[in-house]
Structures are given as structure tokens and as C-alpha cells.
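Inspection log for the structure reproduced underneath, given as C-alpha cells.
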Amino acid sequence: MEDQLKLLKGFHGHLGPYVTAGLRMGRFALKRLQAKPHQGVEADVWCPASPPASCIMDGIQVATGCTLGKHNLRHHVDDEMRVLFRNRHTNEVVMLGLRAEAMQRAMAILEEESDTAASEFVANMPEGELLEELRGD
């Protein structure tokens, strides 16, 4: 995880709670779907159009290799955040959301301490406290 956080920081420019949450979402989805990064997975992201919430897309890109250029990452502007990941070979899907209480705590840490401290909080949080599987229909 530490290597991916370094890569994420280089790609995004800094670490924060939403970009790190996107990384965690992408890693979870690859494992859950048994999908290969880059060409084996796609992601539809519903989130606000601006930071900090939209930063989840950069974390998803680093974790999964999905990109706008390959057309396997699509952004849908919405006030509610969720991501639908699809294994392109099996068509299996998983819809993930972020637990509101976890992100509220992360944002409080960001305001009281720093973006790096908030990122570390999200990076070290158990999956079940950060992520929730949503119905994809």
C-alpha cells in the first residue's frame, strides 16, 4: 500500500482523504471482482464535479488503471458518491460507496491536522468501516 500511496501522491500532487479513498475502492474492486487492472476492468463514477470529492477518480485511476483515454473510466456528475466497477471479462459488477461517518471523520482530521493525516486515516481504516457495497440495480 505504501508504494501505491507514493505513486498516488506523484500522480495527484498530494494526498488527501478522497484520493486515498478512491485508491482503496479500486483495490477492493479488483480483488472482489478478480479483475486485471487496465483493460480488465471499467469504472463508472458518480460524484460531484469538483474537489475534494472528485479526487476519488484519481485514486481509482491509480488503483485500477482505468482512464478517460481508454474509455474505461466514466464520470457522472452527482451529489451522491458511488462507483460501479465491472470485470470486462466476466461482466460481474460491484457498486461501492463511502461510509459517510468515515469521510466526516477524515475531513475533520484534514481540517484539524493536515491532508496527509487525513489520508493516513483513510489508508489505515478497515475496509468495512470505509466502504459499503451498494445495490447496483
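Put simply, NZ on Lys36 and OG1 on Thr64 are 15.5 Å apart, with the number rounded to the nearest 0.5 Å. The CG atom of Leu130 sits 11.0 Å away from the CG atom of Asn124 when rounded to the nearest 0.5 Å. Within the model, atoms CD1 of Ile56 and OG1 of Thr20 stand 12.0 Å from one another, a figure rounded to the nearest 0.5 Å. One finds the CD atom of Glu133 at 9.5 Å from the CD atom of Glu127 (value rounded to the nearest 0.5 Å). In this structure, OH on Tyr18 lies 14.0 Å from CG on Asp115, to the nearest 0.5 angstrom. Within the model, atoms SG of Cys66 and CE of Met57 stand 12.5 Å from one another, a figure rounded to the nearest 0.5 Å.
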Check your understanding: So Trp46 and His75, side chain to side chain contact (heavy atoms under 4.5 Å, CB included) or not? Walk me through it.
Key -> CA-CA 6 Å; Trp46 287 265; His75 178 222; over 6 Å; no
Check your understanding: Can you list the steps and then say if Val41 with Arg88 is a side chain to side chain contact (heavy atoms under 4.5 Å, CB included)?
Key -> CA-CA 5 Å; Val41 65; Arg88 287 181 145 182; 5.8 Å; no
Exercise for review: Check the pair Glu92, Arg86 against side chain to side chain contact (heavy atoms under 4.5 Å, CB included), reporting the backbone distance first and the verdict last.
Suggested key: CA-CA 6 Å; Glu92 184 180 359; Arg86 180 185 318 277; over 6 Å; no
Check your understanding: Could you go step by step and tell me if Val45 and Ile60 meet the side chain to side chain contact (heavy atoms under 4.5 Å, CB included) rule?
Key -> CA-CA 9 Å; Val45 181; Ile60 290 167; 3.8 Å; yes
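The main-chain N or O of Gln39 is never found under 3.5 Å from a side-chain atom of Asn72 such that the two would form a donor-acceptor pair.
Nearest heavy atom pair, residue Ala53 against residue Cys47, reads O-SG, 4.4 Å. Across Ala35 and Gly40, no two heavy atoms sit closer than the pair CB-O, 3.8 Å. Shortest non-hydrogen contact noted between Ile109 and Ala118 is CG2-N, 3.6 Å. Between Cys55 and Pro51, the closest heavy-atom pair is SG-CB, 3.9 Å.
Sorted by first then second residue, the ring-ring contact (aromatic ring centres under 6.0 Å, His included) pairs that include residues 87-117, not counting sequence neighbours, number zero.
Val83 and Val122 end up in the same hydrophobic cluster when Ile, Leu, Val, Met, Phe, Trp and Tyr side chains are linked at under 4.5 Å. Under a hydrophobic-cluster definition in which Ile, Leu, Val, Met, Phe, Trp and Tyr are linked whenever side-chain heavy atoms come within less than 4.5 Å, directly or via other members, Leu5 and Phe11 are assigned to the same cluster. A continuous path of Ile, Leu, Val, Met, Phe, Trp and Tyr side chains, each step under 4.5 Å between heavy atoms, connects Phe28 with Met81, placing both in one hydrophobic cluster. Phe85 is not connected to Leu134 by any chain of hydrophobic side-chain contacts under 4.5 Å among Ile, Leu, Val, Met, Phe, Trp and Tyr, and they are in different clusters. Hydrophobic clustering, with ILVMFWY side chains joined whenever heavy atoms are under 4.5 angstrom apart, keeps Leu30 apart from Val62.
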Indicate every side-chain donor-acceptor pair of residues 93-106 with a distance under 3.5 Å to a residue at least two apart or in another chain.
from  : atom 1 : to     : atom 2 : distance (Å)
Arg99 : NE     : Gly128 : O      : 2.7
Arg99 : NE     : Leu131 : O      : 3.3

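With a 6.0 Å radius and a threshold of 12 heavy atoms from other residues, nucleotides or ligands, Asp79 has its CG atom at or below the threshold. Counted within 6.0 Å of CD on Gln34, heavy atoms from surrounding residues, nucleotides or ligands total 12 or fewer; the atom is thus considered open.
Classification of Lys70 and Glu42 as a salt-bridged pair fails, no side-chain N sitting under 4.0 Å from a carboxylate O.
Evaluation of the ring-ring contact (aromatic ring centres under 6.0 Å, His included) rule for His14 yields His12 as partners, not counting sequence neighbours.
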